[in-house]
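Labels below follow one simple rule: chain letters A, B, ... track the order of the sequence lines, proteins then strands, and each chain is numbered from 1.
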Number of protein chains: 2
Amino acid sequence: MKNELTDRQREILTFIEQFRNENGYPPTLREIGRKFEIASTFGVKRHLEALVKKGFINIESNASRGITSLKNEFGLISDKLFQTESNFTKIPIIGRVAAGTPILAIENIEVSLVIDSSFLKKTGDYFALKVRGDSMIEAGIFDGDFVIVSSRKEALNGEVIVAMVGDEVTVKTYERSANQISLVPQNKNYSPILIDGKSEFSILGKVTGVIRLLN
Amino acid sequence: MKNELTDRQREILTFIEQFRNENGYPPTLREIGRKFEIASTFGVKRHLEALVKKGFINIESNASRGITSLKNEFGLISDKLFQTESNFTKIPIIGRVAAGTPILAIENIEVSLVIDSSFLKKTGDYFALKVRGDSMIEAGIFDGDFVIVSSRKEALNGEVIVAMVGDEVTVKTYERSANQISLVPQNKNYSPILIDGKSEFSILGKVTGVIRLLN
DNA sequence: CATTTAAGTGCTCAATTGTTCACTACAAAT
DNA sequence: ATTTGTAGTGAACAATTGAGCACTTAAATG
């Protein structure tokens, strides 16, 4: 047996892939059969077994919709993108911004976001944060926006930064005078946060991008 | 009922996501129950119903493993299932758009932009435009921003759309009354564009995302 | 204190789904 | 001529799975 697919098998493999992309779960034997007008589940099953034997899928026994590990005719799809194109950068989205909870715990990283590297300046550490509140709307940063942040510990006047004040993370404009650091909101309804010697304060990074998703 | 998740619901949502990423298909009620030591499928089912009500998942009735359309706490569609192929989507950037006084028509396709597919819905054609002008600043769309546009020919009142008026492309809020279509800027200094029967007018798409790059 | 909401048990039932068997048919290779 | 691989029907069966009900517990709400 050659490890090449017959036309029929290729059709079915393609259908499984499409189905999963559309529905979020693989098809059942009967759903495949309906599509290809195969009346017997056994007919379908043997196609799947052929696909397993040839290494294109795995099937979890006795599990409904138990098709896993899709490959296509060219081999593993999962590796394909990373081999050919490497100009993407994966950015972790740092956990929930709830007051009082530690946010920068690295274990909190649940989701990543991949963006075109051309959006970023140099190589460096980036992370993303979902913004809460409207204190920066005049700078075009709205509640629910994602900000892309370049990690750094210092900032220049006028830059939009992400800072840690006490145990809260905040996005503000950085203003430093002779002996006073101000975190200035871009919204008339809010007042600057003044940093005195006592406050726990640190700069986490500079905002280098904003992403907003609408419905 | 608030649309926020309880701890239990978040745990379960996270588990579903992980399960799907590991296995390629969503878990059954009992598989979820086994994980969390919930003996009754009914207990699990009501968690899922809560997640549906709050808009984090959809469930296909009577379908095994019928959980679809995962969102996570950030509102992103969890697309790791499709990591195999299209974790990224290539979007053509088309010319520029007048967001102030309409200036530019569609130029040539310059560049493409690659973004994480979780930013997009699964279906549909997308393109991107670079916005010129400040007529939409109150909607958080600034001069120089990129808007991601889902191609469509119709719109609902209040949606931010990209439209063609004459031979110029513009980004505005769509407002339709009995017999009048208005393209409303989000900036007090500008007036709506009124579409009469004579104008050549067509909707190019709906703005589904905004990307801003800062220095 | 009554009510609501979240969380769960134990159970039954019906629908969905995977497994398996016997049999047919055809083309290609040994 | 016989085997092998592919492709299918039809039916029966068992396991998995989702749906639903009555009832319980606990915490929060008002």
For [N], does OP1 or OP2 lie under 4.0 Å from any side-chain N or O of [X]?
| X | N | answer |
| --- | --- | --- |
| A:H47 | D:dT6 | no |
| B:K45 | D:dA19 | yes |
| B:S40 | C:dC11 | no |

Please identify each residue that fulfils side chain to side chain donor-acceptor pair (under 3.5 Å) with [X], with sequence neighbours left out.
| X | answer |
| --- | --- |
| B:R34 | none |
| A:D134 | A:Y190 |
| B:T173 | B:Q186 |
| A:R8 | A:E11 |

Who pairs with [X] by side chain to side chain contact (heavy atoms under 4.5 Å, CB included), at least two apart in sequence or on another chain?
| X | answer |
| --- | --- |
| B:S177 | B:Q180 |
| B:S40 | B:F42 |
| B:S61 | none |

Could you note down all residue pairs passing side-chain hydrogen bond (donor to acceptor under 3.5 Å, both in side chains) where residues 136-145 of chain A supplies at least one of them, sequence neighbours left out?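 Listed by first then second residue: A:D145-A:R212.
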
Looking at residues at least two apart in the chain, or sitting in another chain, which of them share a salt bridge (charged side-chain N to carboxylate O under 4.0 Å, His left out) with A:E31?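 A:E31: salt bridge (charged side-chain N to carboxylate O under 4.0 Å, His left out) contacts with A:R65.
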
Looking at A:R176 and A:A155, would you say the former's side chain and the latter's main chain have a donor-acceptor pair under 3.5 Å?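 Answer holds: no.
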
Divergence of helical axes at both termini of the helix from C:dC1-D:dG30 to C:dT30-D:dA1 - five pairs an end, 10° steps: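 Both end axes considered, the difference amounts to 30°.
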
Provide a list of protein-nucleic acid N or O atom pairs under 3.5 angstrom, restricted to nucleotides 12-17 of chain D.
from	atom 1	to	atom 2	distance (Å)
D:dT17	OP1	B:R65	NH2	2.7

Just the rounded figure in Å: distance from [atom2] of [N] to [atom1] of [X].
| X | N | atom1 | atom2 | result |
| --- | --- | --- | --- | --- |
| B:E49 | D:dC21 | CD | C1' | 13 Å |
| A:L13 | D:dT6 | CG | P | 15 Å |
| B:I32 | C:dA7 | CD1 | P | 14 Å |
| A:R10 | D:dA7 | CZ | C1' | 16 Å |
| A:E37 | D:dA7 | CD | P | 16 Å |
| A:I38 | D:dT9 | CD1 | C1' | 11 Å |

Show the distances under 3.5 angstrom between N or O atoms of the protein and N or O atoms of nucleotides 22-25 of chain D.
none

